[in-house]
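Below is one structure, written out as structure tokens; the observations come after it.
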Amino acid sequence: QICLFPFPRRYVGFATLPNQVHRKSVKKGFDFTLMVAGESGMGKSTLVNSLFLTDLYRDRKLLNAEERISQTVEIIKHTVDIEEKGVKLKLTIVDTPGFGDAVNNNDWKPITDYIDQQFEQYFRDESGLNRKNIQDNRVHCCLYFIPPFGHGLRPVDVEFMKALHEKVNIIPLIAKADCLTPNEIKKLKDRIREEIDKFGIKVYQFPECDSDEDEEFKQLDKELKECTPFAVIGSNTVVEARGQRVRGRLYPWGIVEVENQSHCDFVKLRNMLIRSHMHDLKDVTCDVHYENYRSTAFRFKGSFSHHIRGLMFTVRPQLKRMQEMLNKMQQQMHEKDQ
Ligand code: GDP
């Protein structure tokens, strides 16, 4: 178990959540499943390690070019328990390595299948006997890494996001933002936002801010919405900057600080993921994406019979009890008659 609390000063984590949520879920801890997708080499694992301050990918084997090309999309799951001020978060990272390496890029099936399988499992558990202790493995969010080198979205980015947007909350990111000047970042963000609209891609929409929120909160919310798609930088090393040890990248011409808000949107992304919007991401997963899945599943006979079977499991104990009562009554009547 990794304790996050002694880490960076600016770290704001999920331990602030107890005020907002039920004490029981605090005791039990939170579950959150995050998927990362995008071309390999885009800095996915570095960013995940930077976000959660842990080296999840220590044992990863790097593939050579030949292996990468023949590699099919393979899903790998890492789980990490994070604890802060006694509040637990069970974080599952679903990595989709190899995506973008194969020549034929339009095969997202293993990824969409994975998301559907988690829905299917939840659907079955929900209709089963042990409904109180369901393990929620549904994917709550997918961070999609867009390369910083192009002039906007590539056809492959459009196709990928469209294949997933009805199933999961997509948060697009501009990867390796240190390759771009602030002006270039602004241009690329504008372009990506335009293209997301033009191609009808449904990325995660931040909820509207309540009108009775204080001005500072409203301002933060506005800034958060305006800075999408988040431009991120990751690093696994700690460097010295302005007399402090910070997570950053050391170049011959200077230092790029991961947690410096004038260098990139890393802090905004982390805060929204594990602080301000974690619950909304889970709610949208449940109320929109899972409901979509359920309504589609009901249309298919196979899944329907699945559900009926699940219901039978649920009512079976009651039926058994009723049968026992009937037997007893029958016996009593029989005894009376004699
Ligand atoms: P993945 O295959 O998408 O998981 O990519 P990795 O995290 O393994 O990163 C691939 C390479 O890019 C490594 O050499 C990293 O050090 C480097 N890298 C990761 N993040 C960044 C970043 O934000 N900026 C730059 N310039 N390089 C990065």
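First listed ligand is number 1; within each ligand, the first listed atom is number 1.
With hydrogens and angles disregarded, a donor-acceptor distance shorter than 3.5 Å links the side chain of K282 to the backbone of D31.
Heavy-atom contacts of I233 reach the following atoms of ligand 1: 23 (O) (cutoff under 4.0 Å).
Under the salt bridge (Lys or Arg N to Asp or Glu O under 4.0 Å) test applied with D116, the options K167, R294, R138 reduce to a single match, K167.
By the 3.5 Å distance cut-off applied to N or O atoms, G234 is counted among the residues near ligand 1. Residue G41 has at least one N or O atom closer than 3.5 Å to an N or O atom of ligand 1. For ligand 1, the polar-atom distance check finds an N/O of R249 within less than 3.5 Å of one of the ligand's N/O atoms. Every N/O-N/O distance between C179 and ligand 1 stays at or above 3.5 Å.
Every residue two or more places apart in sequence or in another chain was checked for a ring pair (Phe, Tyr, Trp, His ring centres under 6.0 Å) with F149, and none qualifies.
With a 4.0 Å heavy-atom cut-off, ligand 1 is reached by the side chain of Y251 but not by its N, CA, C or O.
Ring centroids of H289 and F119 are separated by 6.0 Å or more, keeping the two rings apart.
The aromatic rings of Y251 and W253 sit parallel, their planes meeting at an angle under 30°, below the 60° perpendicular limit.
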